[in-house]
> 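Here it is, the structure, as structure tokens.
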Amino acid sequence: MRLVEEKRLDLDADISATLGYPVRNPAFPDVPITLRLLLSHRAGLTDASDYALPLDARIRDTLADPKAWDAAHRPGAFFRYANLNFPVVASVMEAVTAERFDRLMARLVLAPLGIDACYNWPGCSDAAVARAVVLYDGKGRPVRDDLGGRRPDCPVTPARDGTCDLAGWRPGANGAIFSPQGGLRISARDLARIGRLLLNDGMLDGARLLTPASVATLVGPEWGFDGRNGATEHGFYCRYGLAVQMLASAQPGCHDDPFGDGRPRVGHAGDAYGLRSGLWIDRAAGTGVAFFATGVSAGDRGRDSAFTGAEERLARRPQP
């Protein structure tokens, strides 16, 4: 959204022009793919094709694979959450700025907010690396970020020959390198700063990062479930903006209220390698919560929602 405000990106422009090659769902070649569609998971991409790409892969090749696309629904007409959307968005950002995604996010977002966070560890301080939270699976086995106080030798998925030379990076060629769909390492306290930014319509501690209009655009919603226009994942997703999820839909079939109080909230859930996290703000009340838990079993089912029991307990924990 900062690049949109700078008029370097247009949410509704065909991304083909920026990437330099045609990006189309093969079943609907007449429909342009835009950032708005990608960010709202309505572009028609799926995760049937890999999105955790090796260092030497090209996002162009992934987008040319018919498996990456939903052939049954016209882009814009159907919501399907797909991690692949975000490496494509990152590729567009890199192509227009000629900056590596992790460094671009540090410059435009993290540094201005005073947040010590990073994508896949290169940009975090030594102190943040020392505080790395180990991600455990449901059986208590470490699966990610068991760093022991040192940075990983290779912060990305190595090239197919096993090498890890970031000097070969090219703008827009592979936006998946630093895992824009889930590679952000951030503390709960710093995650809460992002919540405060959204609560204050783009301003934090007297500094403006986004205009109120940009925050309103993020929150949307761009899509709402009407009973047949999206894959809700058992009622988990029922309203969505631009990479922003909305809670407590009243639509039948929706079970998107881990708080159990029916109040509308905006934010996003996180789910990876036994980690469950959330940033949820109640804009009307001016309050919010940020949380995470590791070691969450894949079979942990919430009692009253499509979220896990761990998320329900953290969401409903009385706040000081």
> Would you mind checking if R151 and D126 are paired as a salt bridge, meaning a charged N to carboxylate O distance below 4.0 Å?
yes
> Using a 3.5 Å distance criterion without hydrogens, assess whether the side chain of E5 forms a donor-acceptor pair with backbone atoms of L210.
no
> When the ring centroid of F86 is compared with that of H41, is the distance short of 6.0 Å?
yes
> Which is it for D70 and R42 under the salt bridge (charged side-chain N to carboxylate O under 4.0 Å, His left out) test, yes or no, and what are the steps along the way?
CA-CA 10 Å; D70 175 2; R42 297 178 300 131; over 6 Å; no
> Hey, what's the ring geometry for Y237 with F79, parallel, tilted or perpendicular (30° and 60° as the breaks)?
tilted
> For N120 and S179, test the side chains for any donor-to-acceptor distance below 3.5 angstrom and give the result as yes or no.
no
> Between R36 and E222, does at least one N-O distance fall below 4.0 Å, as a salt bridge requires?
yes
> Which other residues end up in the same hydrophobic cluster as L135, if Ile, Leu, Val, Met, Phe, Trp and Tyr are linked when side-chain heavy atoms come under 4.5 Å apart?
V133, V143, Y273, L275, F292
> Tell me, do F307 and L247 make a side-chain contact under 4.5 Å, heavy atoms counted?
yes
> Can you pull out every salt bridge (Lys or Arg N to Asp or Glu O under 4.0 Å) where at least one residue sits in residues 228-246? Sequence neighbours excluded, please.
none
> With rounding to the nearest 0.5 angstrom, report the CG to CZ distance, D146 to R141.
14.0 Å
> Between the side chains of D116 and R189, is the shortest nitrogen-to-carboxylate-oxygen separation below 4.0 Å, so that they form an ion pair?
no
> List in chain and number order the residues that pass side-chain contact (heavy atoms from CB on, under 4.5 Å) with A57, two or more places apart in sequence or in another chain; answer none if no residue qualifies.
L53, P54, R160, N174
> Look at the side chain of R24 and the backbone N and O of P26, then say whether any donor-acceptor pair between them is shorter than 3.5 Å.
no
> Between R100 and D102, does any NZ, NE, NH1 or NH2 come within less than 4.0 Å of an OD or OE carboxylate oxygen?
yes
